[in-house]
Amino acid sequence: MAGTAYEEFLELGEYHGRERREVLPQWIEAATRIGLNERDMEYAVKEFIPEMWDLQYLGVRKMIGAMTREAIDHTQLKEQRKRGVKLVYGIIPAILTPYQAVKKAGGDKVFVSFPDMCLMNFLQPLFHKGAPLFELAEQSGLTYGCRHCALNKLRIGLRLKDVVPAPDIQWSFGLVCDEATKVDEYINCIFDDKWFAVITRLPHDTCMAEVDDEIPERVAYLAAAFKDAYEEVQRITGVKVQDEHVAAALDDFQRYLGKTDVLIRLTAQADPQPLRGSELVNFCHPFSMPFNTGIEHMEDALDTMIEEVKVEIANGRGIYPKGAPKVGGYFIPYSIPWVDKVFMDNGVATSSSLSMIASAKQLIPPSGTDLYQNVAEQWLRMVFGMGCHVEISTWIEKVNRAKPDALLMGFFDYDRWLGQMHKMGAREVEKATGIPTFYIEADFFDDRDYSQEALRTRIESISQVIKMRKAAKERGVAGEQAVACEPGAA
Amino acid sequence: MDDVMREFAQLATDRPAELRKRKADGKKVVPYIGQFVPEELLHAAGVEPYLICRGGEPEPPEAVLDDMLRFLNPLARSMAGFYLMGLDPVMPLADLIVASQPECHVQRMAEYLELQGLPLFKVGVPQNWDKAYAGEYYFRELEQLKAKLEDLTCALVSDDSVREYIGYDNEINALLRRIDALRKTDSPPLGGYDFIHLNHYSFFVDPRVAIEKLTAIAVRLEAGQGKFVADCPRILLAGHAVAVGDYLVVKNLEDAGALIATEMMDEGLRWYRWDTEMDGDPLRNLWRAKYLDKVPVNIFQPAWRHRFEHMKALIAGYRIDGVVWYQLAYDEIYDMECTVITKWLRDLKVPLLKLETSYEYSREATGPLNTKVESFVESLRGGK
Ligand code: SF4
């Protein structure tokens with residue numbers, strides 16, 4: 001049996017017996033480095049995790065274990081560096097194939113990671129404990145009121161706390177917001193002039209009626225930019241990526257994609273729904289960050305989860321009441337899982353995240369054999385990589401596929417690129433699909449300003465409206481006429 | 001010089017009315033956003049350009065909140081907001097709006113305008129300017145802009161014509177430099193308030209008229225009396241933009257007894273310190289002048305070390321006592337640069353005051369602002 005809260009946490013992540021005893025000292029050391037103490041551990045294992053996660057599922061527990069393994073690994077970055085391991089970092093969102101191919105080629109000689117994403121995915125959803133690191137960045141000058149991205153704050157905080165040393169090379173996809181790549185310059189200018197980054201950027205400048213991935217010059221430009229950066233990564237690390245490494249990385253991706261697709265579909269179609277929307281997103285982490293420890297632990301968790309969900313469906317069991325309306329979102333805010341919980345308490349199931357659903361266009365294989373060309377096409381087919389006009393039609397396609405009862409927008413107030421779409425785009429999607437959208441001004445990663453107490457009433461009233469609309473629809477009355485609601489209103 | 005200044009101001013104010021007439025006469029009206037759009041090229045194409053850079057009023061940035069993120073900077077939201085409120089006299093006349101696209105605030109705002117049905121042409125500006133391929137992207141954008149303008153007017157844009165307008169803009173730059181240099185003297189005849197206005201007027205009149213007016217003003221200023229006391233605190237005003245109409249902070253600084261001796265702004269002021277080559281391919285020259293030759297704008301990467309070197313040169317050249325960092329609310333990248341610059345200035349023992357505007361100039365907002373400004377100016381005076 002587990003004795004301390006640290007051990008209990010490991011148990012909860014499916015570390016048992018000898019393995020648990022072996023991992024324990026590393027875990028205590030790792031937790032301390034990232035600012036977790038015994039009280040945090042107690043809170044996590046006794047209150048937060050049981051409330052926010054469906055621990056009855058082995059798949060969920062294994063997933064927590066896989067994330068823990070990866071987090072522990074990340075707290076060893078300084079030692080890795082001392083041992084001569086080359087550190088390659090990146091940031092979200094990115095196409096992961098090139099990063100994973102470096103890992104496939106370099107093995108233990110290289111540590112490939114998105115440290116901020118990895119530790120955000122660990123600290124917030126499991127411990128609700130990102131704030132001290134955000135605050136560290138704020139004290140350094142990333143002012144609170146300006147609405148900087150908490151993920152970027154975490155990157156700075158982790159560097160300042162000396163958890164994350166300077167990389168040999170950081171390859172930053174600066175293809176969404178402006179702030180992410182500028183954080184590299186910020187760190188370099190005032191904390192660590194060894195922080196070396198190559199950036200890949202492309203202006204968001206397509207006009208109405210232009211489709212990003214169908215503009216050959218745009219694809220070619222981005223491909224050339226990727227090539228330039230990737231060659232730099234290989235030059236600095238001394239790792240030579242061959243076709244077979246790229247193919248192996250792609251294999252992993254395709255296999256994992258197929259499996260998550262099964263889980264997402266099963267969950268979205270099930271009634272009663274057996275899993276929360278935020279948990280679904282957590283299973284998708286291998287699409288947003290490379291796992292230096294490999295994806296096999298996540299994949300094992302995913303396989304288990306799929307089987308468990310099948311059994312639940314077969315037995316007509318779920319975690320929500322039968323008939324509970326489903327709310328989809330751009331991205332269900334898994335970092336602040338209490339949002340899910342409040343919806344759940346109000347009888348509404350969070351389900352599909354639009355960003356996790358592949359569009360028809362994304363399912364078309366890239367047109368060529370050139371890695372860079374393919375990565376460029378892949379990127380430009382993602383909603384992050386498009387102008388708003390194509391993005392709106394892609395959202396509409398995904399919403400029509402997922403058929404949620406309502407859409408939850410907002411939570412990206414700090415992201416000047418993504419956040420704007422949640423207002424401008426949501427209105428268009430609502431017009432086209434008739435599915436009501438609800439905007440909540442909030443922060444996907446950081447809930448200090450938008451606490452559970454502050455948002456509870458808003459979520460409660462949204463839930464009420466969604467339930468009334470669904471009921472009205474089922475009675476065959478047009479929702480819009482039957483209930484007075486304010487779709488899209490803030 | 002007040003009468004020339006007034007005439008110049010009046011001409012700038014009359015520009016929208018003039019554009020309506022020109023449009024009725026068959027001319028194409030082409031408002032533009034950001035200085036990566038070469039005004040010279042628009043003039044050379046025979047269209048009527050008009051800089052969209054209006055701010056300083058609280059209602060327009062609020063008016064767009066149904067569709068726009070609150071955390072976009074107030075200048076980007078103002079540009080859209082003035083249009084939405086029916087207060088932009090020129091955008092509704094536009095045959096084409098040319099918008100430079102260096103950063104997300106303006107990129108999303110441009111999309112918003114497109115969704116309103118306005119005809120946009122976007123000039124992409126890659127931020128990683130140290131890469132040759134990125135520079136070529138911007139050059140291709142300029143080529144496409146030229147082609148678009150030729151389409152619009154059904155006439156070719158000749159190199160000679162572009163050169164002619166480069167020449168005018170160089171002359172305007174030279175005149176602004178001449179006027180700006182007066183601020184290096186102990187008791188200059190103008191400060192930042194007037195200088196910024198001159199810049200703004202110069203955007204809204206025919207370049208030949210701007211040259212005529214600026215020449216007259218330069219002559220009068222050179223012969224005129226100093227307006228500032230000899231030992232008043234000398235300030236460098238730095239940041240993203242002083243928009244057309246956003247003069248309150250500038251005025252307060254000088255009303256408090258400081259002299260804005262020079263500026264380092266990415267938008268709202270001409271990039272008058274850098275001329276464009278006249279010989280050779282004029283488009284290539286415009287490209288080089290805007291993308292490579294001048295100090296990088298904040299969003300370029302890497303930029304901040306280069307920009308600080310430039311700032312240091314300004315501090316030395318204009319005998320600056322303190323820097324006022326004038327920031328638009330939620331302008332996240334400028335906010336970060338401010339932190340970096342604050343640290344570096346501290347090492348040089350140059351004080352910095354950070355002011356942030358959301359264009360909310362109610363009595364409640366301006367009270368604390370004035371107090372901040374006055375105590376900063378006072379502390380600079382004490383330190384002299
Ligand atoms: S603002 Fe958005 S794109 Fe930028 S770093 Fe944060 S989450 Fe990523």
Side-chain angles (χ1 to χ4, degrees), chain A residues 140-143 145-149 152 172 174 176-179 181-186 188-190 197-208 217-218 221 224-225 228-229 387-389 391-392 412-428 441 488-490, chain B residues 65-73 76 99-105 107-112 114-115 119-128 131 133-134 136-138 140-141 298-299 301-305 308 327 329-344 354 356:
Chain A
S140 89
L142 230 67
T143 61
C146 188
R147 287 280 158 247
H148 292 283
C149 169
N152 292 329
S172 291
V176 177
C177 71
D178 294 323
E179 186 175 287
T181 55
K182 276 296 193 180
V183 167
D184 294 321
E185 188 166 4
Y186 182 82
N188 178 287
C189 282
I190 52 176
V198 287
I199 63 166
T200 301
R201 301 216 62 183
L202 172 70
H204 297 289
D205 58 356
T206 41
C207 282
M208 195 86 95
E217 303 82 43
R218 193 165 185 80
Y221 177 82
D228 182 76
C388 82
H389 324 101
E391 183 169 359
I392 287 168
F412 283 87
D413 67 356
Y414 53 85
D415 186 323
R416 276 70 179 180
W417 185 249
L418 298 184
Q420 163 67 8
M421 267 301 283
H422 286 235
K423 284 203 156 178
M424 193 165 74
R427 190 176 283 267
E428 301 296 318
E441 187 178 293
Chain B
L65 288 182
D66 273 354
D67 283 319
M68 289 183 90
L69 188 67
R70 187 154 69 89
F71 302 103
L72 293 181
N73 75 46
S100 68
Q101 302 283 277
E103 41 89 356
C104 288
H105 299 259
Q107 288 162 353
R108 280 305 197 195
M109 185 271 293
E111 288 188 333
Y112 172 84
E114 276 183 306
L115 286 175
L120 263 280
F121 182 90
K122 300 178 185 174
V123 175
V125 186
Q127 300 86 348
N128 42 344
K131 296 285 183 191
Y133 67 80
E136 287 313 298
Y137 185 103
Y138 174 54
R140 277 193 301 279
E141 296 286 290
N298 155 295
I299 190 70
Q301 192 161 344
W304 297 337
R305 285 199 166 86
F308 189 63
Q327 183 173 305
Y330 311 125
D331 229 358
E332 76 284 25
I333 311 302
Y334 286 88
D335 192 55
M336 291 160 78
E337 186 183 22
C338 179
T339 299
V340 171
I341 281 183
T342 305
K343 176 174 181 285
W344 288 339
K354 178 181 179 182
E356 192 172 81

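Quick note: numbers below take in every heavy atom, side chains included, and nothing from hydrogens, waters or symmetry partners. All chains are named by letter (A, B, ...) in the order of the sequence lines, taking the proteins before the strands, and each is independently numbered beginning at 1.
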| message | With a 3.5 Å distance limit and no angle check, can you tell me whether A/Arg147 reaches the backbone of B/Glu332 through a side-chain donor-acceptor pair? | response | no

| Criterion side-chain contact (heavy atoms from CB on, under 4.5 Å) on A/Arg416 and B/Arg108, from CA distance to verdict | CA-CA 8 Å; A/Arg416 276 70 179 180; B/Arg108 280 305 197 195; over 6 Å; no

| request: Show your working on side-chain contact (heavy atoms from CB on, under 4.5 Å) between B/Arg70 and A/Glu441 and close with a plain yes or no. | output: CA-CA 9 Å; B/Arg70 187 154 69 89; A/Glu441 187 178 293; 2.4 Å; yes

| said: So, applying side chain to side chain donor-acceptor pair (under 3.5 Å) with B/Gln301, which one of A/Asp178, A/Thr181, A/Asp184 is it? | reply: A/Thr181

| remark: Smallest heavy-atom separation, A/Gly145 atom then B/Tyr330 atom, equals O-CE2, 3.5 Å

| Residue among A/Thr206, A/Asp228, A/Asp415 with most heavy-atom pairs under 4.5 Å to chain B | A/Asp228

| said: Closer than 3.5 angstrom, by distance alone: can the side chain of A/Gln420 be matched with the main-chain N or O of B/Leu69 as a donor-acceptor pair? | reply: yes

| query | Given that the side chain runs from C-beta out, which part of A/Glu217 has a heavy atom under 4.5 Å from chain B: side chain, backbone, both or neither? | reply | neither

| field | Toward chain B, the part of A/His204 with a non-hydrogen atom under 4.5 Å | value | both

| task | Please flag which part of B/Val340 lies under 4.5 Å from any non-hydrogen atom of chain A: side chain, backbone, both or neither. | result | both

| message | Looking at every non-hydrogen atom in both residues, tell me the closest pair between B/Thr339 and A/Gly141 and how far apart they are. | response | OG1-O, 2.8 Å

| query | A/Ala197 versus chain B, heavy atoms under 4.5 Å apart: side chain, backbone, both or neither? | reply | neither

| In terms of heavy-atom proximity below 4.5 Å to chain A, should B/Ala99 be classed as side chain, backbone, both, or neither? | neither

| Any idea which heavy atoms bring B/Ile333 and A/Lys182 closest together, and the distance? | CG2-CG, 3.7 Å

| For A/Val183, is it the side chain, the backbone, both or neither that has a heavy atom under 4.5 Å from a heavy atom of chain B? | both

| From A/Trp417 atom CH2 to B/His105 atom NE2, the distance as rounded to the nearest 0.5 Å | 12.0 Å

| field | Nearest heavy-atom neighbours spanning B/Pro126 and A/Pro203 | value | N-CG, 3.6 Å

| Separation of A/Arg201 CZ from B/Lys131 NZ (nearest 0.5 Å) | 14.5 Å

| said: As an exercise: rank A/Cys189, A/Ser140, A/Ala224, A/Ala426 by heavy-atom pairs under 4.5 Å with chain B and give me the winner. | reply: A/Cys189

| Atom pair CE/CD of A/Met208 and B/Glu111 - distance to nearest 0.5 Å | 9.0 Å

| field | B/Phe71 CZ to A/Cys146 SG distance, which is reported to the nearest 0.5 Å | value | 10.0 Å

| Minimum heavy-atom separation for B/Leu115 to A/Cys388, with atom names? | CD1-SG, 4.2 Å

| Evaluation steps, side-chain contact (heavy atoms from CB on, under 4.5 Å), between B/Met336 and A/His148 | CA-CA 9 Å; B/Met336 291 160 78; A/His148 292 283; 3.7 Å; yes

| note | Assert top hit (heavy-atom pairs under 4.5 Å, partner chain B, pool A/Cys177, A/Gly174, A/Cys207) equals A/Cys207

| query | Is the gap between the ring centers of B/Tyr137 and A/Tyr221 under 6.0 Å? | reply | yes

| Most chain A-contacting option - heavy-atom pairs closer than 4.5 Å, from B/Asn73, B/Leu65, B/Leu120 | B/Leu65

| said: Taking every non-hydrogen pair under 4.5 Å, which of B/Ala76, B/Ala134, B/Ala329 racks up the most with chain A? | reply: B/Ala134

| request: State whether the side chain of A/Arg427 and the backbone N or O of B/Asp67 hold a donor-acceptor pair below 3.5 Å, judged by distance alone. | output: no

| said: Please identify, among B/Glu356, B/Glu141, B/Arg305, the residue contributing the most non-hydrogen atom pairs under 4.5 Å to chain A. | reply: B/Arg305

| query | Does a side-chain heavy-atom distance below 4.5 Å link B/Val123 with A/Asp205? | reply | no

| query | When rounded to the nearest 0.5 angstrom, what distance separates CD in B/Gln127 from CD in A/Glu185? | reply | 11.5 Å

